[in-house]
Protein chains: 2
Amino acid sequence: MEASLKDRDYEQVLRKAGVRITRQRQVILRVLSEASDHPDAMELYQRASALDSSVSLTTVYRTLKLLQEKGEIHRHAFEGGPARFEPADSEHHDHLIDLDTGQVIEFESEKIEALQREIARELGYDLIHHRLELYGRKL
Amino acid sequence: MEASLKDRDYEQVLRKAGVRITRQRQVILRVLSEASDHPDAMELYQRASALDSSVSLTTVYRTLKLLQEKGEIHRHAFEGGPARFEPADSEHHDHLIDLDTGQVIEFESEKIEALQREIARELGYDLIHHRLELYGRKL
DNA sequence: ATGCACTTGCAAATCATTTGCATTTAAAAG
DNA sequence: CTTTTAAATGCAAATGATTTGCAAGTGCAT
């Protein structure tokens, strides 16, 4: 299963950073790596505690923060709702949010990326990161 | 003063919408129209209550929501901080946030706008609105 | 002037997230 | 394997931003 491969990846990173691999963390890492949607903390908590009832929402939040700091996951605060998460392993991309369903669609545009860097530079800034979200409805 | 002109504008819109012009709202409208930075609710509350101590934070929030619904102001939830507001009268623009000072710089790029619409369409979506924020540091 | 629906301030509620603390546990050391 | 101990956990309470219930106050059409 690809999931266990990814789990291992997370664990390696965490171990290397001197972080203990607890039972709860294993479950959360598994759930995270199996998610292809962009779940929020509560959703992850529900999926995790279904596998192991000893997982608490607090630990989900703490683990998410940890992984975020290690750069293993990305946190997205989309409009009107809790933050949603996704593994960081894929290529950089931005998001289109379906206003009716909340579904998140990923896309990338090197043209836009380039324009952003150019604009920042023109304003005298070094672009550290950006947030580009499109909100739309199915045609 | 330009401020009083804008105040009047806000009042017209609100009156037309059947909204009562209270003393508190007048002060909040004035403070909003005089702001050229992008203040948050607490900042607006402080500026407003300095002019009229009867203004409460609750009313600031209620008025902001009201104006937002009428399309008179824009609310921006930038990363890591409370929402910030600005009058809606100017042209559409996006924002560059100085990571060190929190300063907000406005910019616009018709190229990026066009690309966004194009991307949404390619994904089968009608673009309703978007959020483009650049986070950077002075060169 | 008068009435009443709209507004207000305050306190309490909400929502997402974080933190304090006493208890448990991973995993390094022996 | 045991011991040791700093790190991690769950729970409850705290936070920060914003909203809401409610009793009291007030625009403004008549």
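All values below were derived from every heavy atom in this structure, side-chain atoms included, with hydrogens, water molecules and symmetry-related copies excluded. Lettering of chains follows the sequences in order, A, B, ..., and the numbering in each one begins at 1.
Between the CG atom of A/Asp40 and the C1' atom of C/dT17 there is a distance of 12 Å, given to the nearest Å. Taking atom CG on A/Leu14 and atom P on D/dA7, their separation rounds to 15 Å, with Å as the unit. Protein atom CG of B/Leu57 is 16 Å distant from nucleotide atom P of C/dA12, rounded to whole Å. Nucleotide C/dT17 holds its P atom 15 Å from the OH atom of A/Tyr45, rounded to whole Å. Per the geometry, NZ belonging to B/Lys16 stands 19 Å off C1' belonging to D/dA29, to the nearest Å. In this structure, CZ of A/Phe85 is placed 10 Å from C1' of C/dA16, rounded to the nearest angstrom.
Nearest-nucleotide positions on DNA chain D for A/Thr58 and B/Arg84 put A/Thr58 closer to the 5' end.
Against DNA chain C, the stretch residues 62-79 of chain B makes heavy-atom approaches under 4.0 Å through B/Arg62.
Closest to the side chain of A/Tyr61, from the set C/dT17, D/dT18, C/dT8, is C/dT17.
Checked for salt-bridge contact, A/Glu133 and A/Arg84 miss the test: no charged N lies under 4.0 Å from a carboxylate O.
Contact annotation for A/Val60: no contact, since no heavy-atom pair falls under 4.0 Å across all strands.
Atoms CG and CZ, from B/Leu139 and A/Arg121 in turn, are 8.5 Å apart once rounded to the nearest 0.5 Å. Interatomic distance, B/Thr101 OG1 to B/Asp98 CG, rounded to the nearest 0.5 Å: 3.0 Å. Rounded to the nearest 0.5 angstrom, A/Glu91 CD and A/Glu108 CD are separated by 6.5 Å.
Counting all heavy atoms, side chain and backbone alike, B/Ala77 lies closest to A/Arg131 at O-NH1, 3.0 Å.
A heavy-atom distance below 4.5 Å is found between the side chains of A/Leu67 and A/Leu14.
Hydrophobic cluster membership is shared by A/Leu66 and A/Met42, with clusters built from Ile, Leu, Val, Met, Phe, Trp and Tyr side chains linked at under 4.5 angstrom.
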With B for base contact, S for sugar-phosphate-only contact and - for none (protein heavy atoms under 4.0 Å), nucleotides 23-30 of chain C reads --BBS---
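Evaluated for a ring pair (Phe, Tyr, Trp, His ring centres under 6.0 Å) with A/His92, the options A/His129, A/His74, A/His130 yield exactly one hit, A/His130.
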What verdict does the ring-ring contact (aromatic ring centres under 6.0 Å, His included) test give for A/Phe78 and A/His95, after you've listed the backbone C-alpha separation in whole Å, the side-chain angles of each residue and the deciding distance to 0.1 Å? CA-CA 9 Å; A/Phe78 297 133; A/His95 301 90; 5.4 Å; yes
